[in-house]
Each structure stands twice: as C-alpha cells, then as structure tokens.
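Note that the coordinates shown come from a computational prediction; the quantities given were computed from them, not determined experimentally. Naming: A, B, ... by sequence-line order, numbering from 1 per chain.
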Amino acid sequence: MRDRTPTRSSHGPPSLASSAALRSDVHPGRPQETHVLDLKFIRQNPDLVKAGAAKKRMTCDVDRILDLDERKRALGQRVDEMRSVQKGAGKAIAQAAAEERPALAEAQKTLKADLKGAEEEQKSIDEELHGLLLLVPNVPADEVPDGADDGDNVELRKVGEPTSFDFEPKSHLELGEQHDWLDIERGARLAGSRNYVLKGELSLLEGAVMRFALDLMVSKGFTPLSVPTLVRTETMVGTGYFPGGEDQAYRCDERDELCLVGTAEVPITALHQDEILDGASLPRKFVALSSCYRREAGTYGKDTKGLYRVHQFQKVEQVILDVADDANSLAQHHAILGNAEELLQALELPYRVVNVCGGDLGQPQIQKFDIETWMPSRGSYGETHSASRFHDFQARRLNLRYRGADGKVRHCHTLNNTVAASTRMLIALLENHQQADGSVHVPEPLRPYLGGRESLGN
RNA sequence: GGAGAGGUGGCAGAGCGGCUGAAUGCGCCACAUUGCUAAUGUGGUGUCCGGGUAACUGGACCGCGAGUUCGAAUCUCGCCCUCUCCGCCA
C-alpha cells in the first residue's frame, strides 16, 4: 500500500463524444491504466463526486463506476492467485526430470485456459471503467459559486471604468477599415469565415502586445517556451480536452493522428508527462506564445462580426506545475490571475474579474476566474482571460508526478491563465484607446515595441 | 520517402526461453571509519494494483499491443519512438 494522499481528482468531459476512438490503440507508448484517475478517491467519497458533478450541471455514473471497481478488484485477486499458482508450477516443471515434464505441462493447460478467460473479463471491465472514468468531472472547489451558466458568475472586482467618449466611438472593424488595418473579406477568401488578415500598424501592434506579454512573464521568472501546436490525440486527452472537446479542435486526417491545439496550455502542461519531477524543482513556471486554433463549432451566428470569435489567433499563455498542496495552488491561482491583471492595467484597459460558477465550469477545472475586458462596441465586458486551477486532474491523466521531500511520489497540481490573446486584446486596445480622429493611443509599455510610437493611425 | 541500428531501473549498460524485477558501474540514502572536506567499507535504494493497523505479503511492469509456450525482458507479428546514412525541403 502506498501513498494515500487524501485529495480529490477525476477526469473527463461532459459530452460522451467518441471515447471509443480514444482507446488504447490511440495511446502509443503508454500503459492504458496510468492516466486513469483516482479511483480510490471516488470509492471513498462517492457523494462528494456526485455533488461536484451536480454543481457543474453534469452527469456521471458514479454507481456504475463503483460497481465495476468492486468487480475489478475481486477479479483481480482471483487472477493474481491463478498467476501465482501458474508461476509456482512453472518453476516445478523447470526442475522436474525431463520425462516428467510433458505430463506436468499438460496439467497446466486447464489453468491457462481459466486464466485467459478471467483476463478477458478483466479487460472488458477495465475498458468500460476507463471510459467512464475519463468522463468524471473534477470536483469543484468550495469557493466556486453555485449557478447554471455565465449569468450566475460572481463579479469579484471591477478595475477602471468603462471608457467614456466625448465623440461617437467606432468599433474595431470601423477603425480597421478607416486605416486599412484589417481585411476580413480576403481572410475569408483565403481560409473561410472567421478568418482575417491584419495589415500595417495593426499587425505590428499585435506583435507588440504579444512580445510585451511574453517579456512581462519572463521578468516574473517564467521560462519562455516555443512549443508544438500540432499534438497527439493522447495529449489532448491528457490535458482534459478529449473526450468531449473533439468538435472544437481541428484534427488531421488519418495519415497523421494529430490535432491543432486551441491553446499552448496543452503542450506546456504536457511537457513533462510521464515524468517524476524532483519536488525541489517545483513550481515550474512556463510561458509560451503560440498560434491557437478553434473550430468554434456550434457558434454559428454568434459574434460573427470582427475579431471577437475567430478560428486562429496568437496567444501568450502562462502555466504552472506545482506540488500537490491545495493552499499553495489557490495562492498560485491568484498569482497568475494577478499577472494578467497587471498586464491589463499596464495597457490601461478597464476590466472586471469574475468567479465562474459551477454550471459554467468545464469538467477538468476545480475553479476558474475569468477576466473580462471592456469592449466599447459590444457595450459590455468581453472575456479575454481565463485562469484555471485543476488540482491533479491533468497531472493524473498525463502521469505527471514529483517526488516530495519526504520521498513520496505524488501527482502535480497544474494551473494556467491567459496572459494575452491577440485578437481580443486588439479589440480592447483599438476601441478603448481610440481618439476622436480615429487615431489610437499607444499605452506606454507597448511603445518600445513600436519604435517609440505614441499613437497609431496618424 | 529509401536503407540500416536500436528502445532494459534516476543515468550508463549487461542479459537474449525457466535460477532475472532484472548483473555491473555511477548517482542517491543510512551506518561505520578517517580530526573537517575528500576517500573507503557495509547495507539499502523503482513504479503501479490488491490484502494487512503494521512488520509484511500476492500480482503486474524490461517502448506499446497482440501471439507462440507449461513458462518470455528474451521467440513471432503489428504499432510508436530514437539514432545513422541517402533523398526531399523551410
């Protein structure tokens, strides 16, 4: 018996999706069992898991899981015993005189057949159990407010006031047109709807924001990374996006079992999968700039205008891998939230922070804070950042562990937050910093990245 | 894409059908010893599942999966990955 860290954990997304397609055959190089979750926790706290799912407005068949678990363990004992007998007999045969061997070997055959039958039963139980476990939602933290959808998210604070203008403000689309900064039509011609081309100063501004965000995080001790954005299906499962999020990801065809990531969170968090890190090396803080790809399936007719909802954008993402300590993780959660707030304040943008309610939470997170930045053309705050805390959910799936000072091996805790997502930052910058003549004020920290320019479009 | 080689414990590296969960070295831990450091000696040192309060104990794991066999790290097949050479290419 080992480590019984009394922590929660779990797995899997809400929609049933194609979990069949995600089975062992798609997980090369790793034993199927490893990224399955903490069955022990579910066994010991079934009601907590059920209540957690209910809070997230999700369903999961805990009773079926417990039933399978019990059968699995009983069967496991039987199989272990049979194998023990088989091993003993095998050794006896090895030592027996040559002429006695055929008879002894013959006697082993029935045991072998029984064993095989039991193993097959074991396998089918494992498969069903594994599939169900992948779908168990992580138990939300106590700090998560109750609620059904984003309308029930709780505002924690508002920083700055919605920008007021003494002229009729333009939308980022209008500004883009005025300065020939944005070509939506040709973007669509090149790549379909929800695609765009940034031109001239706007393209430079994008680069400036991304670089500023990256430098800000590096100055805070985060290690910059350049990571693959095309990853294995396995990596998507490990980070909790699959099963359930298949429709949101672009996938390569059968020649390459790869997916385009929707965020650098995926490759960064999975960087140390299957490793046992030295606890003294934690926390590991990473930041990466990457392209992000989102299919936006099921959003037809929603946010169809402009840069708000697009298929591809650039994003600087921060990720922390840390020890399994709830209080510490909560503190880190607030820290990464603070990092993003610092960026918004430096860019002189008004925003608010909300504590996402249970019903608006995904299956992997135990808590999420969203930052919404004021967007004049929407007349409201629009989501620009999302800070998530996962407990050991992702680490379990990724088999990401560390050895603590006490010598014990535990799963890490993982957290991540946006630092800056290009398109939504551009909307906020353009619209909040526009002047009466259509020029755009450049916040001080961005100027070094724009050759010292104090404003664009003039 | 073509041709070879290979994937074994934290690392290096043996093993090539039973006595191997795995030699040996390094690293690490403990104890001993030397006036500190270094050196030396002895012992220990993987992960996962299950049973037991515990000491302890059954089983699995030598890239992954399937197969042959009474028995596989060792043989066969499929897959993944790495390295070298050639070709192609930003």
Nearest listed nucleotide, side chain of A/Gln77, among B/rG58, B/rG50, B/rC81: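 So the side chain of A/Gln77 is nearest to B/rG50.
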
Is the count of non-hydrogen atoms from other residues, nucleotides or ligands lying under 6.0 Å from [X] atom [atom1] greater than 12?
X        : atom1 : value
A/Glu128 : CD    : yes
A/Arg309 : CZ    : yes
A/Glu119 : CD    : yes
A/Arg284 : CZ    : yes

Is the distance from OP1 or OP2 of B/rG59 to the nearest side-chain N or O of A/Ser84 less than 4.0 Å?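 The answer is yes; a side-chain N or O of A/Ser84 sits under 4.0 Å from OP1 or OP2.
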
If I take atom [atom1] in residue [X] and atom [atom2] in nucleotide [N], what distance separates them, rounded to the nearest angstrom?
X        : N      : atom1 : atom2 : result
A/Glu70  : B/rC49 : CD    : C1'   : 16 Å
A/Ile276 : B/rG9  : CD1   : C1'   : 11 Å
A/Arg83  : B/rC48 : CZ    : C1'   : 13 Å
A/Lys408 : B/rG46 : NZ    : C1'   : 16 Å
A/Arg401 : B/rC48 : CZ    : C1'   : 8 Å
A/Glu275 : B/rU47 : CD    : P     : 16 Å
A/Lys91  : B/rG58 : NZ    : P     : 10 Å
A/Gln44  : B/rG50 : CD    : P     : 10 Å

Per the atom types in the model, does the base of B/rG59 pair as donor or acceptor with the side chain of A/Asp80 at under 3.5 Å?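 Check fails, no donor-acceptor contact within cut-off.
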
Sidechain-backbone polar pair: A/Ser124 side chain, A/Glu121 backbone, donor-acceptor under 3.5 Å: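 A pair under 3.5 Å: yes.
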
Between [Y] and [X], does any NZ, NE, NH1 or NH2 come within less than 4.0 Å of an OD or OE carboxylate oxygen?
X        : Y        : result
A/Glu317 : A/Lys315 : yes
A/Asp278 : A/Arg403 : no
A/Arg401 : A/Asp274 : no

Reckon A/Arg43 touches a base, only the sugar-phosphate, or nothing at all at heavy-atom distances under 4.0 Å?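 If one applies the 4.0 Å heavy-atom cut-off, A/Arg43 turns out to touch the sugar-phosphate alone, with no base involved.
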
Within the 4.0 Å heavy-atom criterion, would you say A/Arg78 contacts the bases, only the backbone, or no part of the nucleic acid?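 No contact at all - A/Arg78 keeps every heavy atom at 4.0 Å or more from the nucleic acid.
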
Which residue lies toward the 5' end of RNA chain B, A/Val79 or A/Arg73, if each is placed at its nearest nucleotide?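 Its nearest nucleotide being more 5', the pick is A/Arg73.
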
Nearest-0.5 Å distance, CD1 of residue A/Ile268 to OG of residue A/Ser290: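 Answer for the CD1-OG pair, A/Ile268 versus A/Ser290, is 7.5 Å.
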
Looking only at atom P, what distance separates B/rG21 and B/rU57, rounded to whole Å?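 Result for the P pair: 16 Å, nearest Å.
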
Base-pair map of RNA chain B as dot-bracket, where | denotes pairing with a different strand and pairs are Watson-Crick or G-U under 3.5 Å: ((((((((.[[[..)..(.....]]]((((((.......))))))((((((....)))))).[[[[[..)....]]]]])))))))....

What is the per-nucleotide protein-contact pattern of nucleotides 66-71 of chain B, from the 5' end, where B denotes a base atom under 4.0 Å from a protein heavy atom, S denotes such proximity for sugar-phosphate atoms only, and - denotes neither? S--BBS

ring-ring contact (aromatic ring centres under 6.0 Å, His included), that's the test. Do A/His311 and A/Tyr293 meet it? Break it down for me. CA-CA 5 Å; A/His311 287 311; A/Tyr293 303 89; 9.9 Å; no

